[in-house]
**Q** 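Got a structure here, written out as C-alpha cells. Questions coming.
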Amino acid sequence: MKEKLGNFIFVYLSIAPVFLWIAAKPLNLRFQNFSSTLSSFGQITGLIGMSMFALNFVLATRSKFLEDYFGGMNKVYTSHRIFGSLSFIFILFHPILLALRYVPVSIEGAAYSLFPLGQPIWITSGFISLFALMLFLVLIFYSSLPYNVLKFTHKFIGLSFFFAGLHALFIPSDVSNFFPLKAYFIFLTIAGLSCFLYRSVLEKYLIKKYKYIVGDIVLVNNKTIEVSLVPALESMDHQSGQFVFVSFKSKDISSESHPFSISSGENDKNLRVSIKFLGDYTSKLINLRKGTPAEIEGPFGRFCCSDKNKNKVWIAGGIGITPFLSMARSIENQNCNIDLVYIIKNENDGAHLEELREISKNNSRFRILPYFSQIHGRITASFIRNVCPGFENREIYLCGPPQMMKSLKDQLLSLKIPSGNIFSEEFKML
Amino acid sequence: MKWLVTIALFVFWAVFASTLAAGLVFYQKTKDINKVLSIKTEQAEQGSTLTKESLASNQGSTLMSLTKDEVAKHNKASDCWMTIDNKIYNFTSYMNQHPGGPATITPYCGKDGTSAFVDKPHSKAAFSMLTDYYVGALNSKIAVKTSNAVTNNSTTPKPGSALKPVAKVIYNSPTPFVPTQATPQVQSTQVNLTTSEVANHSSLSDCWMIVSGKVYNVTSYIPSHPGGSGTIAPYCGKDATSAFSGHSQNANNILGSYYIGDLNSSVSSPSSSSAGSGVSTNPQVTNPVITNSPSNRRGSRGDDDDD
C-alpha cells in the first residue's frame, strides 16, 4: 500500500492550491458569467500546472525515501514523466483560457494579452518560462538528440521554473493577495528550486557516490558485455533486482551517469552490471578499459521478491535478464520454486544462458526455460501457463522490452491473474 | 502521454495563432466602425441636445451625453473609458499604473467592465481609486469645455483628445453634488434624519452613517480612510457605532467634522449635506453635471442585463 501512497500525495499536493483558491473568494463570483468562468479555469490550470512543475523537481532528486512511496526509483521516474507532461499541458492552457475570456468583450484584447512583448514584467516572465519549457519538452518528446545532450538540456528547465516562480508569485492575483495561497506557492517555489539546485548544481558536493574501478570486462554475446566493478574504497550493499547509476570517468566516454541493472549476486564482493550495446552511449562503452574509474550512485529499485516463500515465475526478455541473473546468482536466498522463462531470439543470443543452466543444474528448485522467438514466434501468457505448473498462484516478475512487458501484462490480466501478483520493472529513464 | 502533449501543443498554437490573427483583423475593422459610429453619434447629439447645448455654449462649454456609444469610442489604451456599475471612468492616465498591466484593462476599454472589475482580486484601495477617474454616470450629461474655434459639429471629442469637463454646473443646483442612486431630486427641503433616510445614502459615493445616535456624512473622507474604503463601505447607510468603537480619539475628532445632525432630528438643505463628496477630490474631472433621473437609470440597467 505504501508504494501507492506517493502518487496520491503528489496529486493531492498539486490540487491543494485549488482548495485554497476556492477559500479565497466565493465561487459564485468566480463563475458568474462566461468571462469569469474562463478566467477561473485559467487560474486553476495555472495553479495546478505550477504546483506540478515544482513537485516534479522533488521527484527528480533521486532521493531514496521516495522509493518507499512509489515502489522503486524507476516508478518514481515514471511518475516524473507523467507529472511533467500533465504540468506542461496545464501550463499551456493557462494563457489560452485567460486570453479567451476577453473574446466576448474584445478580440483585440484577447490577442493583445497573448502577445508576450510590451507587457508588464511579470507577464513577460510567464511567457519566457512557457516558451523555454516548450522548447525543452519538444526536444525531449520529438527530437532524437543523444541522451547526454537531453540530460544537459534538463539543466535549463531550472531557468524556466525560476521565471514561472516570479510570474506566479508577483503577478496580481489570488496568489499575491491571499496569504495562505501565497505562502503555499512560496514554499513550493523554494522547494522546487532547492531540489533543482540539489540535483543539478550541488550534486557534486551533496550526493553520496561510491568510487569503483572497472575490473574484468566479459563479452557475453556479440552485443552484450558484463562489466565487473571493484570498490576503490567503501563497497555498496545491494539487493538482487536493484539498479545503480554509473558514470565512467574516461575521455572516450561521456561522463554523465546512466542507469544499469546490477547482475551480481547479493553476496558478491564486486559489483557487476550487464550492458547491451543499444544506443549512442552504450555503443561507446566498447571503449571501456580495465582500470577506468567509475562513480556509482545507488542502489535503487524495489524489483525484488515480495514474498520469499511464494513460488515465482520470472519472465525475462533479452537484456531484461540482468536483475534475474542477480537473483539467480544468490539463489540460496530464495526459499521457493522458481521458473525462469528467458525469451531470446536464438541459442546464441542468450546472454549468460550457460551460467543460468549451470545454476539450475545445482539447484532443483530453479528451472530455466529458454524461449526462442525466432523459432516459436511471439510468446504468449498462455504458453507460460502451460509450462509453469501452479501458474495462477505464483508471483510473476516481468523484465524486458516495454512492448513485450505491456503485451504480456495485459494477457496475464485477461487470464485472471490478480494484478497484485504481477511485478514489472519498467526501465525508461531521463 | 506523448500524444496528449502533442494535442495540447497543437491546441495551444492553433488558439494562439488564430487569436492573434483575429485580433489583427478586428483591429482594422473596429477602426472603421469607430469612424462610422462617431459620425452617427455626433449627428444624434446635435439633434437631441440642441437646447441644452446652446445653454451650455453660452458658458463656453457644451453638453456631452455619456451614452454607451460615447464610451465605446474610447476603446484603446491611449484613450480608455469604461463603464463600471453604470458609472463611467476615464482610465487613460491610469493604464500604465495598473498592477496587472495595461493589457488586462485594455480589452475593456470602451466597454462595460463591471464584472471584470468585480471578479478580479481588487483591493479596497482599488475600489477607492476608482473615484479619481470618475467621469459621470451612464446616460447622464456632462459639460465639456469647447474651444471657441470649434463648431457644433465637433462637440463630441475625438478619441484621444483630452476631455476636460468644466467645473460649472449646468443645472441650477447651487453646489455641485455627486450622482448617487439615492440622491433626492429636491433641492432645499427639510430632511428628517431617520434611519431610513440614512439608509438612502448607502454607497461609496454617498455615504452616511450613524455613530452613537448621530448622523455623519463621511463620503469625502472615504478615500482617506487608513483602512481603505472597503472597510467603511459596508456601514454606509447603517449604524456603525459598534464598528467605530475601537477608534482613537483623533478618529473621533475627525468624525466630528462630518456631523450632519442627531438621529431623528430634522435638518434643512440636504443638497449641501451631500455636497463635497468623493468626486470632488478628483484632480482631473471635477464636478460632473448630473441630468440623469431614476427612470433613465432603470433603462440603462435593462440594457446592461442584455449584454
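Note: hydrogens, waters and symmetry copies are ignored here, and every other heavy atom, side chains too, is used. None of the values given here were measured: they were computed from a predicted structure. Sequence lines set the chain letters: A, B, ... in the order given, protein chains first and strands last, and positions in each chain run from 1.
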**Q** Under the side-chain contact (heavy atoms from CB on, under 4.5 Å) rule, what do A:K409 and A:S424 come out as? Steps first, then yes or no, please.
**A** CA-CA 8 Å; A:K409 219 173 172 179; A:S424 61; 3.1 Å; yes
**Q** Most heavy-atom pairs under 4.5 angstrom with chain A, which of B:L4, B:I105, B:L9?
**A** B:L9
**Q** Measure A:A99 against the heavy atoms of chain B and call it side chain, backbone, both or neither at under 4.5 Å.
**A** neither
**Q** Do B:T106 and B:K76 pair up side chain to side chain, a donor and an acceptor below 3.5 Å, judged on atom types alone?
**A** no
**Q** Which bit of A:I171 comes within less than 4.5 Å of chain B, counting heavy atoms only: side chain, backbone, both or neither?
**A** neither
**Q** Carefully, step by step, assess B:T6 and A:Y142 under the rule side chain to side chain donor-acceptor pair (under 3.5 Å).
**A** CA-CA 9 Å; B:T6 312; A:Y142 307 103; 2.7 Å; yes
**Q** Is A:F141 close to chain B through its backbone or its side chain, or both, or neither, when contacts mean heavy atoms under 4.5 Å?
**A** both
**Q** Where on B:K2 is there a heavy atom nearer than 4.5 Å to chain A: the side chain, the backbone, both, or neither?
**A** both
**Q** At a heavy-atom separation under 4.5 Å, does A:I91 approach chain B through its side chain, its backbone, both, or neither?
**A** neither
**Q** Using non-hydrogen atoms only, which part of A:V138 is less than 4.5 Å away from chain B: side chain, backbone, both, or neither?
**A** side chain
**Q** With a 4.5 angstrom heavy-atom cut-off, is it the side chain or the backbone of A:F170 that approaches chain B, or both, or neither?
**A** neither
**Q** What pair of heavy atoms forms the shortest contact from A:V175 to A:K182, and how long is it?
**A** O-CB, 2.9 Å
**Q** Please work out whether the ring planes of B:Y94 and B:F91 are parallel, tilted or perpendicular, with thresholds of 30° and 60°.
**A** tilted
**Q** Under 4.5 Å from any heavy atom of chain B, what part of A:L100 do you find: side chain, backbone, both or neither?
**A** side chain
**Q** For the pair A:N7 and A:S79, evaluate side chain to side chain donor-acceptor pair (under 3.5 Å) and give the outcome as yes or no after the intermediate values.
**A** CA-CA 7 Å; A:N7 281 320; A:S79 297; 2.8 Å; yes
**Q** Please determine if B:K73 and B:D69 form a salt bridge, counting it only when a charged side-chain N lies under 4.0 Å from a carboxylate O.
**A** no
**Q** Quick one: what part of B:W13 sits under 4.5 Å from any heavy atom of chain A, side chain, backbone, both or neither?
**A** side chain
